[in-house]
**Student:** 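This is the structure, below, for whatever I ask next.
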Number of protein chains: 2
Amino acid sequence: MVTIYDVARHAGVSAATVSRVLNGHAKVDPALAERVTSSVAELGYRRNAVARNLRKSRTSLWAVIISDVENPFFTSMVRGVEDIALAAGYSVVLCNSDENPEKESNYIVAALTEQMAGVIISPSSNRVDDVKLLLDSGCPVVVIDRELHGLRTDTVLVDNERGAEQATAHLIDQGYRRIACIGGPRWLSTATHRYDGYRRALGTAGLSLEPSLVRFADFRERGGYDAMASLLDDGAEPDALFAANNLMTVGAMECLVQRDLAVPTDIAVVGFDTIPWADLIRPTLTTVSQPAYEVGRQAAQLLARRITKPDADATNVLLPTELQVRASSTRRISTGE
Amino acid sequence: MVTIYDVARHAGVSAATVSRVLNGHAKVDPALAERVTSSVAELGYRRNAVARNLRKSRTSLWAVIISDVENPFFTSMVRGVEDIALAAGYSVVLCNSDENPEKESNYIVAALTEQMAGVIISPSSNRVDDVKLLLDSGCPVVVIDRELHGLRTDTVLVDNERGAEQATAHLIDQGYRRIACIGGPRWLSTATHRYDGYRRALGTAGLSLEPSLVRFADFRERGGYDAMASLLDDGAEPDALFAANNLMTVGAMECLVQRDLAVPTDIAVVGFDTIPWADLIRPTLTTVSQPAYEVGRQAAQLLARRITKPDADATNVLLPTELQVRASSTRRISTGE
DNA sequence: TTGTATGCGTTATCAG
DNA sequence: CTGATAACGCATACAA
């Protein structure tokens, strides 16, 4: 390995001068600088980030800890983080906690021991300990997607309640009245807010909440399928469905297809969160799309700010969703009820 | 920050002893070890990986550099890498080069300057320089998905040619004769091998390759759409299509839908690579599925081996694909031609 | 078995 | 403006 001392010797200057040239902080004689840069090129010198990090006691790496690398929401979000981070001189490394608190713990410890410059995390549970560990260690953190109670951190969330409310209101607008809801795990803030939005839309329209039309599942495809089956089998007779995430929407759709129920004629469907290639699914799906890329961008900006101003007040960003109306929820023949 | 010296003082031993206890290499008196571990717990000591890395001149981080974080193939592959890596005591960080050679370059330099223990990379171009840089620097590397010529590295590839051949042969079996092909960028080995497979199946069946039935696109949705449109508009009159990756398949399907062509009645379709929720698309899509998770596993195993045996001969793994027959390619009424 | 001392490659402080 | 030198926190060769 070629070190800064090799370069110094080759250029006939001191190691300190090489360092100064490389970092551009202090003024250095142009002639010397020139000698240094050409020596660097000639020797193929690349600075040892580990040594540098040790000296500066921090790296230029951001850890983005997401709860599911296979969920399009997160991958799209990561793109937003990257674009800001790279521009700010940081590299982004992605860690997949896989909805597993233990893996998440491991990555957090890794981020800490590796002295990462900052962490953006979508918590895989409502356990507060892990994130608290980061905060207590003085590691800049931004929490995204899921709310964590009792922690004063920067956060970037989407307006889940309002998104769900719009989706449900849209179904009501279209003339549907027996609107079922497949909600997510109640310990996730995203799930409870979406359920709240569903209830609020019903209330606003003067419709009562019918417990027989509500199911809670696990945000997975199988869960959505089972919940839909249960709704149909128990005689709740829904004429529409609001499903609280993308995978459960897919599961519910599969159930409807299997039972030869027509969408939206027999049952209309609106799903929360984007589904890749939603246009290829028949019928095309009405969705509440989240600004995933923008979530990433904003989180990155907050993290950059937090790094430079560790003591600034915590900022909480709430981004709007957008209802994308497609075929699965188009107006039914008005029943005039 | 609490260092190894703080622990040593608290436990009444030397820093060296603390280090030994922590790493478990050397023998140390159980009583002392006990004092050390309890001091570690009491002080909340966590070792500084950066200092450790500097000393050992390597980290316990693997970089997985993929060319598209939004492609399900790669995310699934990453899961395979993770499972092996974690078991072997490494952490995995994901880097998204976004099919951009420049970003890829940056991440490679980062992996080098950060002294990563190893790199698994799916090259975003056929440029050999970047990977060569890694090799020359002695960084253990495994190349996946795409072939890189003139480099003696461990590789894990899938049998693209055979997969494409099976897909095409399947269409021939089903009675289709005018089988079109939408190929990928010719500088990617995956694309050329899939094209070769298509041609070989035609040859085996005694069918001639008709240039008017072949288009090359960019592995993206838009490209697939345009290629399909061109095939239809130029009067090539295909009765089936083999599309060389998932996104182009989706694009081609969209074109067919838009033109009210029935699949598979008017045109049968087989796509290479998995498509999430392929079962929801109507008709369901016949695909050549790749063992993405297994690619990751094998790559991880090779990397682990390469780290321990830097001078071992390069291993090249070739994994089989699997044809998953669904509705889009089912037998047409035999024309007896 | 345990402790002492040194160096990993940088950057920052301080004299010059 | 430049150079010598001391740390950063840890692991290890060597001495005890």
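Reminder, nothing fancy here: chain letters follow the sequence lines and each chain counts from 1.
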**Student:** What distance separates Ile66(A) CD1 from Thr75(A) OG1, expressed to the nearest 0.5 Å?
**Tutor:** 7.0 Å
**Student:** Sugar-phosphate means primed atoms, P, OP1 and OP2; the rest is base. With that split, encode nucleotides 2-7 of chain C 5' to 3' as B, S or - using protein heavy atoms under 4.0 Å.
**Tutor:** BBB--B
**Student:** Could you walk me through whether Ser105(B) and Asp130(B) pass side-chain hydrogen bond (donor to acceptor under 3.5 Å, both in side chains), step by step?
**Tutor:** CA-CA 6 Å; Ser105(B) 247; Asp130(B) 289 336; 2.8 Å; yes
**Student:** Is the distance from OP1 or OP2 of dC8(D) to the nearest side-chain N or O of Arg58(A) less than 4.0 Å?
**Tutor:** no
**Student:** Any base atoms under 4.0 Å from Asn23(B), or only sugar-phosphate, or nothing? Heavy atoms, all strands.
**Tutor:** sugar-phosphate
**Student:** Run the side-chain contact (heavy atoms from CB on, under 4.5 Å) check on Asp98(B) and Lys103(B) step by step: do they pass?
**Tutor:** CA-CA 7 Å; Asp98(B) 203 18; Lys103(B) 280 193 189 177; 3.4 Å; yes
**Student:** Asn48(B) CG to dA7(D) P: how many Å, rounded?
**Tutor:** 18 Å
**Student:** Starting at CZ of Arg46(B) and ending at P of dC10(D), how long is that distance when rounded to a whole Å?
**Tutor:** 12 Å
**Student:** Would you kindly give the CG-to-C1' distance between Asn53(B) and dG9(D), to the nearest whole Å?
**Tutor:** 11 Å
**Student:** Please work out if Thr3(B) contacts a base, only the sugar-phosphate, or nothing of the nucleic acid, heavy-atom cut-off 4.0 Å.
**Tutor:** sugar-phosphate
**Student:** Round to a whole Å and report the spacing from CD1 of Ile4(A) to P of dC8(C).
**Tutor:** 14 Å
**Student:** Return the CD to CG distance between Gln290(A) and Asn160(A), rounded to the nearest 0.5 Å.
**Tutor:** 6.0 Å
**Student:** Run through Glu34(B), Arg9(B), His10(B) and flag the one making a side-chain hydrogen bond (donor to acceptor under 3.5 Å, both in side chains) with Ser39(B).
**Tutor:** His10(B)
**Student:** Measure the distance from CG on Leu54(B) to C1' on dG9(C) and round it to the nearest whole Å.
**Tutor:** 6 Å
**Student:** Compare side-chain N and O positions of Arg52(A) against OP1 and OP2 of dT11(C) and report whether any pair is under 4.0 Å apart.
**Tutor:** yes
**Student:** Whole angstrom is fine here: how far is it from NZ in Lys56(A) over to C1' in dA12(C)?
**Tutor:** 10 Å
**Student:** Let me know the distance between CZ of Arg35(B) and P of dT1(C), rounded to the nearest Å.
**Tutor:** 16 Å
**Student:** Whole-Å distance between dG9(D) P and Gln115(A) CD?
**Tutor:** 8 Å
**Student:** Carefully, step by step, assess Asp145(A) and Val295(A) under the rule side-chain contact (heavy atoms from CB on, under 4.5 Å).
**Tutor:** CA-CA 8 Å; Asp145(A) 190 48; Val295(A) 168; 6.0 Å; no
**Student:** Check the surroundings of atom CZ in Arg58(B): do more than 12 heavy atoms from other residues, nucleotides or ligands lie under 6.0 Å from it?
**Tutor:** no
